[in-house]
Structures are given as C-alpha cells and as structure tokens.
Amino acid sequence: MRETWFKRARAGVITAAVLALVFGFAPTLYNNSSLLFMMMTYIVLAQGLNLLYGFTGYLPFGYVGFFGTGAYATALLVMKLHLPIALAIAAGPVASMVVAVVLGPLLRLSGAYFSIANLAASQILFIVIGNPNMQDITGGPYGVKIDQVYNPTASYAAMVMLVVGVTLIATFFRRSRFGQGLKAMADDPVSAEMSAIPVVRMRLLAWLTSAAVAGLAGALYAWNLSVFYPDAVFTLEISVFAIVFALFGGVGTVLGPIIGAGLLYALYNAIGISEPQYFQLIYGVLIVGLVMFLPEGILSLLTRRGINVF
Amino acid sequence: MQALLEYAIVGGVLYGIFFGLVAVGLNLIFGVMRIINLAHGEFVILGGFGAYWLSTSLGLNPLWGLPLAALGAVVIGFPLYYAVVPGLQRSRDPEMLSFILFFGLAQIIDAIISLGFGPDQRSLPDEALGGGTISVLGQAFPDSWWVAAGVAILAIMGLWLYLTRTRLGFATRAIMANRDEAFATGIAVDRVSAIAFVIGLALAGAAGVFVPYLQGSVAPGIGNNLTTTSFAILIIGSLGNPVGTLFGGLVFGVGSMLMQTFYASWSDLVPYVLLVVIVLLRPQGLFGKAVRNA
Amino acid sequence: MSSEPILALTNVAKSFGGFQVLTDVNFELKPGEILGLVGPNGSGKTSVINLISGVHQPEAGTIRFDGAEIQRLTPHARVKLGINRSFQVPKCFISMSVRENIEVAAHFSGHDADIPAILEDIGLSGMEAAPAASLTANQQKMLDLGRALATGPKLLLVDEIGAGLNPAELTGIADLLKRIAARGISMIVVEHLMEFLNKLTSRVIVLSAGKIIFEGSLGDASHDPEVVTAFFGGAA
C-alpha cells in the first residue's frame, strides 16, 4: 500500500524537489531576489487557483480577496497585538479560511454566477479594508507597516517552502481518490452524489484549501514587503495574473500552473512594466488566443500527442 | 434632512434610469447567449470615448455619439460574434470559457483605449446637452441628466417593442427561452443572436455617451466596475425583460444616491453588496438556471 | 407479513414552483421484489425516483428504507445505505475511462465491488480503458447502470432504461435486470414499454398527474377504466 502511494506521489515529490533547488539556489546566481519572490508568489497563487478551478470547475475571480485577507491578518496582528511573526503568519490562512466559510454559500451558484459574485466579494473586502473610516483599525487607504519584523531572507525561505507545499497538495489533488472524486463532481455533480461522493463537503474542502493557500501566500508577501497599501494586495490584477498563468500552462495538471507562472512572469518582467498598457494588451490577446485555440493550456500540446502530463 | 432625502431620491431615479440603459445590453446578450459579456463595461467606455472624440476632435455635439455607437456596434459586433461565439457554444465548457474570453477582450479594449487616449479621466462640457438645470421637488439636476434619462427610457422602450412586436424579436425571445428548441423550430439562431449581440453592444455604447456626465468623467479601467454593476442590476430585474432591467436600475440608482448622500465613503460598496446579497438570496427565483442541482 | 418492506413511502408530496408534481403517494416494496412504475409523460414517475434517491426532497410524507426514515438524508448518504439509480439520460463521468467511472463509485461507497464482474454484466468487458466520452449512447446507459451496481445497492431504481433500444437489446437488458434481481436486489423500474415490463414483473403502480391511480397486476391495469382514461382519454 505504501509503495503504491509513493509511486503515485513520485512525480510530485520530484517536481517539488526541483522547485526547492531552483528557487533555493537562484538568489546566488541572480541578485534580483524580489523578482524571484514574486515569481514564487505567482506560482503559489496560480497553483492555489488551479486547486479550485482545475479540479472543481469553479473559477474564483475574486481569488485575490484571500490573498489580501491573509496579508492584512498578518500585518494587523503584528501591528496591533504585537504577535510573534510566525504566529501572525499562521493567522493569515486561518483568516482567509474564515472568509471562505462566510462566502461558502457562493458555491451553490453555478459557473459564471459564482465567478462574478466572488469578484464582487473581493471588491467588498478591498473597499472595506481600504476605507478611510477604517483608518484606526486597518490603516485604511494609508496601508500598513510592519518593518520591525522585516526579514527578506527568512520570508524568501518560507515562500520556497510554500511552493513545495502547494506542489505536494496539487499532487494529492491530481493523484488521490479525493482528486478523482473532485473530477467526477466537475463532470456531473448529480452522478457524483449517486457514486456516494459527498459533493458539497468535498467542494467546500477544495474551496477552503484553495483559500488557505492564497491566505498563506498573502501572509508571506506581507512579511516580505513589510510596508504596503491595500491596493498592493487587493488589486484585481493579482486574480487576473493567477488565472492567466494557470490557464496558460494548463489547469487540472500539477505542472501547468508552475510552467505558466514561471514563463509568463519572466516574460512580464522582460517586457517591462514601464508601459503597463502594452502588457495588458499582450495578455488580453493571450487570453483570447488561449481560449480559442488552446483552451487546455500549452501542456495540452503534449497531451494531444499522447504524452501523459503530470 | 428632507431636502437631502428628496435630492437623493430625484437624483437616484435619474441615475437609476440611466443605469437601466447601462445594464440592458448586458441583459440582452446574457439572455440570448447565456454568456456574461465581461467586456460589457469596456464597450460602455468605448461609447464614452467615442463621444469625447467627436466632441473634442470634430467639434460635434456628443449626442452624435449615439449613431456612432450603433455604427461601431455593427462594425465590431458582427465579425466578433461570428469569430468567437459559434466556436464557444460548441466548446467543452461554453459558460466558463466565454467568460474568460470576454475578460481577455475587456483587457484588449482597455489597453487600446489607454494607448489611444491616455489613461486620464476625460469629461465633456455641460453646455453640449443644455447646460441648464431642471428642477423637480425643488431639486435641480443638470439638463444632461434629464437627457440621459430620456434617451435611456426611449432606448429601453424601443428594445421592448422590438422584442414584443417584431418577428426578429419573437425569435430572440424564443432563443432566450430555449436555445435548443429554437434551433429545432427552424429559427436561424446564429443570425438572430448576432443581431441581439450587436443591439446589446449598441445599447452599451449609447449608455457610454452619457457616462462623462453622470459619472463626472470617463476613463479606461472603470469598465470592470460598470460590468459588475450592470450584472447586479440585471439580476435585480429579470432576465430577458428590458423593463425589469429598468426597475433594477432604479433600485441601484436610488440605493446608490442615498448612500452617496448619507454615507458617501461607503457608497462604492453598493453595487457589489447588492450583487452578492441578491445572488445569494434569490438565485433561483429570478433565473432558474443559476443553481446547480447538487 | 412474511417480511418487512425494504421501502415504504407514506403520504409523500412534492411540488415545484407551485405546481403539484406528486400528491399523497403511498406504496411499499418487499425485499427482492421488482415493481413497475408506469404512467403517461409528466405523471411524476421520475419524481418518485428523484425523491427516493434524494436528488429532491419531499415537502410532506416519509420515506422509510430498511426501517429508517431517509427523506432528509443527502443522496450520497442514501447510496451508502444501499439505494442507487440509473438516469434516463445517462450521466457518466465523461473525462474518465470506463474503469474509473466504476472505480470511483466503488471507492466512495466503500463497497468492495467486483469490477470485472460488473463490466461483464454491463457488456463493457475489454473496454476498461476506453474514455467514457467515446461510448455510444446505449453503452453510456450501461455504464451508468454499472456505476450504480458498483456501490452495492440493495434497492435499484431504473429510469426508462429501455428507451431507444431495439427488441434484441431490450431482451438482453431485461435478462440482466432479472439476473440482478435474482441476487436479492429490489428494484423499481420506470418504463413506457409494457412488453418489456411484462418480462420483469407482474406488479405495477400507475401514476397519473402525480397520484397513484392503480396498484396491482400489469394484466389488470390494462383493463382498469381509470388507467385507460389516463393513458388514452386525455382530459376526458
């Protein structure tokens, strides 16, 4: 039994190990570690979004809401309650899971209704947290500052661990019975119920997992940045990037979001962000092109040739 | 206090009627194609920049933006429909994939507007639409607001007449009721849908002409807000019924104006909270297909 | 009196949006019994199946299975108790292979299913690796039935499995259902085709406009004036 489990997980363990090595040693070869940190953040977000969209078909357009919630939970606990950073970071995913539970009823909606309602929910979080009336509690539009715990090396190392962790979670979704159940639900929820799959509970579990991943990413992002405005962690652009990166690589796979985020984020920086409109134009065209010609992502070029993609 | 309340209500009614026009095109397209046109807000903005261009570069009255919106909708709408929609309807997951595709389209339009006009806010002179004010209950609102509300009512009534009094309109409603059955009864589904798509875009563009007046200015980047607001409005109203959308617009308009008058800093929340609350409270009552069976 | 009923519906009612779909439905099923459920289109046959399998919940009345009330349980909980069904329009997991379709049901129900035997039963042996999407409509119906069997049901609800089959296929599926029943699985079979039903059982319930208008043997049903009116008399 153990051996078959290992066999199933092997590809995931190898992928995680490669990622740990690459991002562990990259700073010694390439000195822009904030770019590397952002790349890891987007790998995590693209993968976290994939856990929900790729395996259940629910596309969380407001995914950034969980990221921002995690970032703010960590920052505020350090600022207001002076909690040790490790504890404050642990609170990030907890806070985003609480938000996910509150938003749980959205899962009763189908497809696009879910996506747009989730988008609205993330905007509500943004408007509330960034509101001038909330200045005493959240810092409002003036943002938060936790430079007393600033530690770029430790936060970088923690993000490497999160990349590894989320790769293993995605492996579990891809290779376990649990993941097979999710796939069945995505195909047909009624038939899935009639296969004894607890559809509502499993969908909620995937939703919470996905939210926790984004919340933890937000917490580490807050630690790494240490000073930020609400816009930095709630901008819709973060959701959009995560969606595009995941789609580009191929959702429903483990490697897709990693490859998509790695390649496109590198491209994004190569083009340069001095002219954001050009990038917006390029990824707009990319999205349209992907949906029309490659809806399963670039990895489907391999799948079509009969190569099994992990 | 009472004057403020009257101000908010009169203003809210005008604002709401206008937002009925902003949302009605989304409703039509959604009803016919079961696709949320996530680029809807961008088409509205395109209408606004069209009027801005006519006014500043050609010195024309911004109201010429209305025929320009119709022309633009024909030129953009038909090729766009045939290039993407039939393929999407055949795809693995038409609902989600078209949602994403139209999102990409929104990004393209947004970027093109930014590159063409710059990222700044643009406004139009009040005089072009009268420049005076008209008062009701002692509350004065600029002529432009009344013109916008008047055009909105004409456009919505026109759409209602089209849907209920013409052959194409009947066919459109048949497709809204059941696309597959419409196919089976020999309706040229693609042609009728393409026309509905173009009408939807034209209405969005027409609404955009008044955005610089009602919103104070038009700028790239506000499209997403307009799309979500429109979606909330179409959910409050009922699917496929333009008069329902007008009602939804009024709920949003009055609610929004009351918030702006009494709790200004929270008024941005109105469309989003309306959307989430309504979608959660009445997902099945207003449109049966919103809820999964399990 | 010989044995307790495995299934008992008492005063069950259901409506959708103000439209009464089922009114005061009462019937029992003994272990190992096959019951035919007939009636004109829209009479509520599939609704009965949906209520028993938990896809919908009744507004009133009780449904007892193996002695326990189940009308408030989720569908998957009922599957674990031993209720399963096939769908009129088969709903297979189209992104999976034939074998995975059956495996997933066996796994989640916790039933130690004999997958090769099920594949043999449903005539898909040797096609384990085929994608479900590549099956014909009839094969998908069989796979749907296989999915139900994989959960080890004690009660199987079969919804118009005969529609669109030719006489030879009908005989084959009737034989299969008889073999399944012979293993002690109780069955409710919704069917339009009386000849097909006749091969399986003599006991039928006739539904009309959401009410049971006849309960008895298939032979008597065809002479019952109310049944005849329901089927042929229209509004008369």
Side-chain angles (χ1 to χ4, degrees), chain A residues 53 57-59 61 103 105-128 131-134 185-186 188-194 199-200 236 240 243-244 247 275-292 295-296, chain B residues 30 34-36 38-39 83-84 87-88 91-115 118-119 220 224-225 227-228 231-232 235 263 265-269 271-280 283-284 287 289-294:
Chain A
Y53 180 53
Y58 280 81
L59 177 63
F61 237 83
L103 297 181
L106 294 183
L107 293 171
R108 287 184 316 190
L109 305 169
S110 73
Y113 294 87
F114 168 82
S115 296
I116 201 156
N118 181 227
L119 170 71
S122 78
Q123 291 290 325
I124 291 172
L125 283 168
F126 180 22
I127 293 169
V128 169
N131 201 283
N133 292 331
M134 296 288 283
M185 286 159 48
D188 192 311
V190 179
S191 254
E193 276 281 341
M194 297 319 296
V199 170
V200 174
L236 195 60
V240 173
I243 292 167
V244 175
L247 270 182
E275 289 284 3
Q277 290 90 355
Y278 284 105
F279 190 73
Q280 191 182 29
L281 186 63
I282 291 170
Y283 73 62
V285 171
L286 202 63
I287 294 171
V288 172
L290 272 175
V291 170
M292 289 185 67
E296 315 287 334
Chain B
F30 186 66
R34 300 282 155 181
I35 281 173
I36 295 180
L38 261 192
V84 302
L88 282 171
S91 70
R92 162 182 62 92
D93 183 359
E95 190 184 17
M96 275 336 289
L97 288 178
S98 53
F99 191 72
I100 297 167
L101 182 137
F102 277 94
F103 176 77
L105 186 65
Q107 300 304 312
I108 295 173
I109 297 173
D110 223 23
I112 290 174
I113 296 175
S114 293
L115 292 170
N224 163 47
N225 191 334
T227 306
T228 10
F231 193 71
I235 292 172
Y263 304 96
S265 60
W266 296 104
S267 64
D268 289 351
L269 280 175
Y272 303 112
V273 171
L274 271 179
L275 197 158
V276 172
V277 168
I278 289 162
V279 151
L280 285 180
Q284 76 295 347
F287 36 69
K289 282 201 155 180
V291 177
R292 292 196 173 181
N293 289 326

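When reading the values below, keep in mind they use all heavy atoms of this one structure, side chains included, and skip hydrogens, waters and symmetry mates.
Between chain A and the residues B:I112, B:N224, B:L105, the most heavy-atom pairs under 4.5 angstrom are made by B:N224. Chain A forms more heavy-atom pairs under 4.5 Å with one residue of B:L115, B:I36, B:I35 than with any other, namely B:L115. Of the residues considered (B:L101, B:L88, B:L97), B:L101 shows the highest number of contacts with chain A, using heavy-atom pairs under 4.5 Å.
The ring pair (Phe, Tyr, Trp, His ring centres under 6.0 Å) search around A:F61 returns B:F99, B:F103, not counting sequence neighbours. Residues satisfying the side-chain contact (heavy atoms from CB on, under 4.5 Å) test with A:M134, not counting sequence neighbours, are A:V128, A:N131, A:I137, A:T138, B:W266.
Both the backbone and the side chain of A:I116 come within contact range of chain B, each with at least one heavy atom under 4.5 Å from a heavy atom of that chain. With a 4.5 Å cut-off on non-hydrogen atoms, B:A83 touches chain A through its backbone but not through its side chain. Looking at A:Y53, only its side chain comes within 4.5 Å of chain B, counting heavy atoms on both sides. Both the backbone and the side chain of B:D110 come within less than 4.5 Å of a heavy atom of chain A. Neither the backbone nor the side chain of A:L286 comes within less than 4.5 Å of any heavy atom in chain B. With a 4.5 Å cut-off on non-hydrogen atoms, A:L106 touches chain B through its backbone and its side chain both. Heavy atoms closer than 4.5 Å to chain B are found nowhere in A:F114, neither backbone nor side chain. For B:L38, the part lying near chain A is the side chain, with the backbone staying farther off; criterion is any non-hydrogen pair under 4.5 Å.
With hydrogens and angles disregarded, a donor-acceptor distance shorter than 3.5 Å links the side chain of A:Y58 to the backbone of A:L107. For A:S191 (side chain) and A:D188 (main-chain N/O), no donor-acceptor pair under 3.5 Å exists by modelled atom type.
Contact of the A:L290 side chain with the B:I100 side chain is not registered, since no non-hydrogen atoms from C-beta on lie closer than 4.5 Å.
Checking B:I278, B:V277, B:V276 one by one against B:L280, the side-chain contact (heavy atoms from CB on, under 4.5 Å) holds for a single residue, B:V276.
Taking each heavy atom of A:V199 and A:M185 in turn, the nearest pair found is O-CE, 3.5 Å.
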message = Using side chain to side chain contact (heavy atoms under 4.5 Å, CB included), reason through B:L274 and B:I235 one step at a time and then give a plain yes or no.
response = CA-CA 9 Å; B:L274 271 179; B:I235 292 172; over 6 Å; no

